[in-house]
Protein chains: 2
Amino acid sequence: MNEKHTIKNILKRCIESGFRMTEQRKLIATVLDKTIDHPHVEELFSRVNSEDPKISIATVYRTVKLFEEAGIIEKLEFIDGKTRYEDAEREHHDHLIDMQNGKIIEFVDKDIELLQEKIAARYGYKLLGHRLELYGKKIK
Amino acid sequence: MNEKHTIKNILKRCIESGFRMTEQRKLIATVLDKTIDHPHVEELFSRVNSEDPKISIATVYRTVKLFEEAGIIEKLEFIDGKTRYEDAEREHHDHLIDMQNGKIIEFVDKDIELLQEKIAARYGYKLLGHRLELYGKKIK
DNA sequence: CTAGGTGCAAATGGTTTGCTCGAGG
DNA sequence: CCTCGAGCAAACCATTTGCACCTAG
């Protein structure tokens, strides 16, 4: 039921992008590949750091930026002000954030995607991107 | 055609909230009332500063936060990382951002609002808030 | 070998805060 | 008056950068 890995993993795409694959970059790519939640950069750093205590947070920031610019991962910024990244090759989705516990639920809704394009068109615009986050609390 | 000011202005609501109305707060409220665009805090500061060169940016930050916590204005954070505020009493709307020139267009769409509630409900959530921004470029 | 990456610490930029003085009610 | 706000500068926090050293190819 989980189709997350029918696509090439991040590590592989990094290699194909022709990056010099240092130990640090390999490690960061591997950790990102294992990620199923939405850690912010500090949290990603601490996961990576637990496997390589020498790695610096500057390297993590530099590396995610590099991967992002290559279109391998995608930047997310929710209201907590912390940056998160997720695999860019995954099916497009938006996020529903649980305001009680911070949990992030991904969802896909074709109707809402279409509606957004229609709204942009209504104002004479071509939609290049969007950001949709729902903030809610569990019923009951 | 412009119904922006059929509601009480920000200054009035500040007074009714029982704030101690200092010169600085009055000035900030007044400038906010005159605002028709979406200046970020630094820009708001420079507008305010041009009327009172003594005012400090710390006061602007403290004041907008105060007004926000009282529900008088609403915080916006777009992808440029800068905070903007707008009158909270205005009709709810979302934003379409012109990626070529940074211009911000406001729009209202009932369908998209309803759809968002439906999506939240689908996951067992009550929608408390949302953030929807469309980024686009002008056609032709 | 050597271009380019890393670690470290210092710089940055937006925002917040501690402190002391000043002004609103 | 006396409490609360303002101005100032220093602190903060996430992120970026300069530099000397190191490593992948």
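In what follows, chains are A, B, ... by sequence order, proteins preceding strands, each numbered from 1. In what follows, every heavy atom counts, from backbone to side chain, and hydrogens, waters and symmetry copies are set aside.
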Between [X] ([atom1]) and [N] ([atom2]), how many Å, whole number?
X	N	atom1	atom2	result
B:L66	C:dG24	CG	P	16 Å
A:H40	D:dT15	NE2	C1'	13 Å
A:Y61	C:dA11	OH	C1'	15 Å
B:F19	D:dG5	CZ	P	9 Å
B:K75	C:dT15	NZ	P	8 Å
A:I55	C:dG5	CD1	P	14 Å
A:K65	C:dT12	NZ	C1'	12 Å
A:R62	C:dG5	CZ	P	10 Å

Is there a continuous path of hydrophobic side-chain contacts, each under 4.5 Å between heavy atoms, that joins B:I104 to B:F107? no
Out of [options], whichever nucleotide has its closest atom nearest the side chain of [X]:
X	options	result
B:M21	D:dT15, C:dG25, D:dG5	C:dG25
B:E23	C:dG7, C:dG14, C:dG24	C:dG24
A:R20	C:dT16, D:dT17, C:dG4	C:dG4
A:T22	D:dA14, D:dT3, D:dA24	D:dA24
B:D52	C:dT16, D:dG7, C:dT6	D:dG7
B:T59	D:dG7, D:dC4, C:dG4	D:dG7
B:Q24	D:dT15, C:dG25, D:dA6	D:dA6
A:T83	D:dT15, C:dC8, C:dT17	D:dT15
A:S56	D:dT23, C:dG7, C:dG14	C:dG7

Does atom CD of B:Q100 have more than 12 heavy-atom neighbours, drawn from other residues, nucleotides or ligands, at distances under 6.0 Å?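 More than 12 within 6.0 Å, yes.
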Salt-bridge criterion met for [X] and [Y] (N-O under 4.0 Å):
X	Y	answer
B:R47	B:D37	yes
A:E51	A:K34	yes
A:R13	A:D87	yes
B:R131	B:D94	no

Of B:E42 and A:T63, whose closest DNA chain C nucleotide lies nearer the 5' terminus? A:T63
For the helix from C:dC1-D:dG25 to C:dG25-D:dC1, measure the angle between the helix axis at one end and the axis at the other, each built from five pairs, rounding to 10°.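 Inter-axis angle at the termini of the helix from C:dC1-D:dG25 to C:dG25-D:dC1: 30°.
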Taking the nucleotide of DNA chain D with the nearest heavy atom to each, does B:A58 or B:R25 sit closer to the 5' end?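 The residue mapped nearer the 5' terminus is B:R25.
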Are A:H130 and A:H92 an aromatic pair, judged by ring center distance below 6.0 Å? yes
Partner of B:H38 by side chain to side chain donor-acceptor pair (under 3.5 Å), out of B:E43, B:R84, B:E106, B:K103: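 Checked B:E43, B:R84, B:E106, B:K103 against B:H38; only one passes side chain to side chain donor-acceptor pair (under 3.5 Å): B:E106.
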